[in-house]
Amino acid sequence: MGNRTLILWDIDLTLVDLAGIGREWYTTALANAMGLSLSHLPAFPGRTERAITSELLTAHGAAATEEEIQLIFTELIAIAQAERDLLGGRGRVLPGVAEVVAALGERDDVVQSLVTGNLAEVADVKLAPFGLLDHIDLEIGGYGSLSTDRHDLVSAAMRLAAAKHGHTFDPSSVVVIGDTPHDVSAALHHGAVAIGVATGRHSFTHLKEAGAHAVFRDLSDTEQVLSTVLNRRPQDGH
C-alpha cells in the first residue's frame, strides 16, 4: 500500500481537445444567468472555473458575489449536460491518452483522478463520451469550484484519495499531469511530481522552464510515459 501512486490528470488539452467549447458555454451561461452579452473572455488555460467566473462577472459589471458565481456554475452544468451526447463529435482524445490511462488503470498500485479547473459535473460530461472514466475516479478529484488557486485543488484531491483508500499519499507518490505552467506550479507547491504535456498552448520549453520534472510533446510513447510516471523520478521528456 505504501508504494501506491496517485495520478492527478488535467482535462482540457491534456486528456481531450474540445477547443472553442468554453467560449460558447460561457456566452450562453452569462446570458441565461445575468442577462448580459459576452464582451470579455478571460484566459482559460490552467485556471479554475471559480477564477474564470469571478473575472467574467467583474468584467461585465457584476459584483461577482457567491450567489452570482453559483448562478453561472448552475448554467454551465446545465449547458454541458444538455450537450453531453454531442461532445464525442466535437472533440477528440489527445494522442496516447487512451492507452496510458488504460494501462495505468490495470495496475493495483495506481489510483487515477483529476485536478482540473472544470466543475465536477462538467468534467464528467467532457470525459464520458471518450471512454476515459473507466479508470478515473471522479469522487476524489480536485475541481474548479473549490478555489481560485489551483494549489488548493491538488491538496483537496490528496485528502479525498487518502480518506477513500485509507492510505496517505506522500507527495513523492503524487503525480500531476497537465499542459500549463499552472499545473506544474500546483504540483511543485505540494512537493508532488509535475509532468508537463505540450499538447496545449504552452511549449515543451515553457513547461520545462516552469519546473516540470518531465515534459512530453504528447503521450503517444506509452512505455516512456508509464516509465516516467511509475518511477516518479525527474527524467527528460520526449
Side-chain angles (χ1 to χ4, degrees), residues 9-94 114-130 132-133 138 141-154 156 178-186 197-203 206-207 210:
W9 293 96
D10 174 51
I11 293 180
D12 293 294
L13 297 178
T14 298
L15 293 175
V16 298
D17 182 357
L18 289 162
I21 210 103
R23 171 183 277 276
E24 291 181 22
W25 288 0
Y26 266 105
T27 298
T28 304
L30 187 65
N32 290 351
M34 305 295 295
L36 297 171
S37 297
L38 184 78
S39 60
H40 168 78
L41 188 68
F44 286 169
R47 301 180 70 204
T48 74
E49 218 78 83
R50 181 169 287 277
I52 293 167
T53 298
S54 296
E55 180 182 333
L56 181 83
L57 288 166
T58 301
H60 290 85
T65 63
E66 184 62 24
E67 180 181 2
E68 290 174 343
I69 289 170
Q70 291 300 326
L71 286 173
I72 297 292
F73 285 176
T74 298
E75 287 296 331
L76 288 172
I77 292 166
I79 295 162
Q81 291 177 340
E83 297 192 9
R84 186 184 192 98
D85 294 337
L86 304 176
L87 293 191
R90 294 200 57 184
R92 64 188 179 101
V93 180
L94 289 163
L114 303 171
V115 161
T116 172
N118 287 279
L119 304 175
E121 298 87 346
V122 174
D124 184 0
V125 171
K126 285 186 174 181
L127 295 182
F130 303 104
L132 293 176
L133 294 181
L138 297 183
Y143 298 102
S145 58
L146 299 175
S147 175
T148 59
D149 191 333
R150 202 175 184 97
H151 300 170
D152 295 333
L153 279 53
V154 174
D179 66 290
T180 76
H182 289 295
D183 300 291
V184 173
S185 174
V197 55
T199 44
R201 295 182 176 86
H202 296 275
S203 69
H206 196 180
L207 293 169

Check: Val16 and Leu127 side chains under 4.5 Å, non-hydrogen atoms: yes

Nearest-0.5 Å distance that lies between atom CG in Leu71 and atom CG in Leu30: 11.0 Å

Thr53 side-chain N/O to Glu49 backbone N/O, donor-acceptor pair under 3.5 Å: yes

For His206, all residues meeting ring pair (Phe, Tyr, Trp, His ring centres under 6.0 Å), sequence neighbours excluded: His202

Derivation of the side-chain contact (heavy atoms from CB on, under 4.5 Å) call for Val197 and Leu94: CA-CA 10 Å; Val197 55; Leu94 289 163; over 6 Å; no

Rounded distance [0.5 Å steps], CD1 in Ile21 versus CG in Leu86: 8.5 Å

Side chain to side chain contact (heavy atoms under 4.5 Å, CB included) involving Ala59 - partner list, sequence neighbours excluded: His40

Ile69 to Ser54 - nearest heavy-atom pair and separation: CD1-OG, 3.5 Å

Those residues that, when tested against Phe44, pass ring pair (Phe, Tyr, Trp, His ring centres under 6.0 Å) (two or more places apart): Tyr26

Would you mind writing out the side-chain donor-acceptor pairs for residues 75-83 within the sub-3.5 Å range, not counting sequence neighbours?
| residue | atom | partner | partner atom | Å |
| --- | --- | --- | --- | --- |
| Glu75 | OE1 | Asn32 | ND2 | 3.2 |
| Glu83 | OE1 | Trp25 | NE1 | 3.1 |

Any residue meeting side-chain hydrogen bond (donor to acceptor under 3.5 Å, both in side chains) with Ser147, in chain and number order, not counting sequence neighbours: Asp152

Residues in side-chain hydrogen bond (donor to acceptor under 3.5 Å, both in side chains) contact with Arg90, at least two apart in sequence or another chain: Glu24

Short side-chain to backbone donor-acceptor contact, Glu68 and Ala63, under 3.5 Å: yes

Test side chain to side chain contact (heavy atoms under 4.5 Å, CB included) applied to Leu13 - qualifying residues, sequence neighbours left out: Asp17, Asp179, Arg201

Contact list for residues 39-48, test salt bridge (charged side-chain N to carboxylate O under 4.0 Å, His left out), sequence neighbours left out: Arg47-Glu55

Partner set under salt bridge (Lys or Arg N to Asp or Glu O under 4.0 Å) for Glu66, not counting sequence neighbours: Arg50

Separation between CG of Leu36 and CG of Leu57, rounded to the nearest 0.5 Å: 8.0 Å

Over all atoms of both residues, closest heavy-atom pair of Leu119 and Ser145: CD2-CB, 3.7 Å

Minimum heavy-atom distance between Ala62 and Met34, given as atom pair plus value: CB-CE, 4.0 Å

Polar side-chain atom of Arg23 near backbone of Leu41 as donor-acceptor pair, under 3.5 Å: no

Close side-chain approach of Pro45 to His182, heavy-atom, < 4.5 Å: no

Close side-chain approach of Leu87 to Val125, heavy-atom, < 4.5 Å: yes

Heavy-atom closest pair, residues Leu153 and Gly144: CD2-N, 4.0 Å

By salt bridge (Lys or Arg N to Asp or Glu O under 4.0 Å) - contacts of Asp124 (at least two apart): Arg84

Residue pair Thr116 / Ala123: nearest heavy atoms and the distance that separates them: CG2-CB, 4.4 Å

Tyr143 (side chain) donor-acceptor with Leu138 (main chain) under 3.5 angstrom: yes

Asp12 and Lys126: CA distance, side-chain angles, deciding distance, side-chain contact (heavy atoms from CB on, under 4.5 Å) verdict: CA-CA 9 Å; Asp12 293 294; Lys126 285 186 174 181; 3.0 Å; yes

Those residues that, when tested against Thr58, pass side chain to side chain contact (heavy atoms under 4.5 Å, CB included) (two or more places apart): Ala64

Set of residues satisfying ring pair (Phe, Tyr, Trp, His ring centres under 6.0 Å) with respect to His151, sequence neighbours excluded: His189

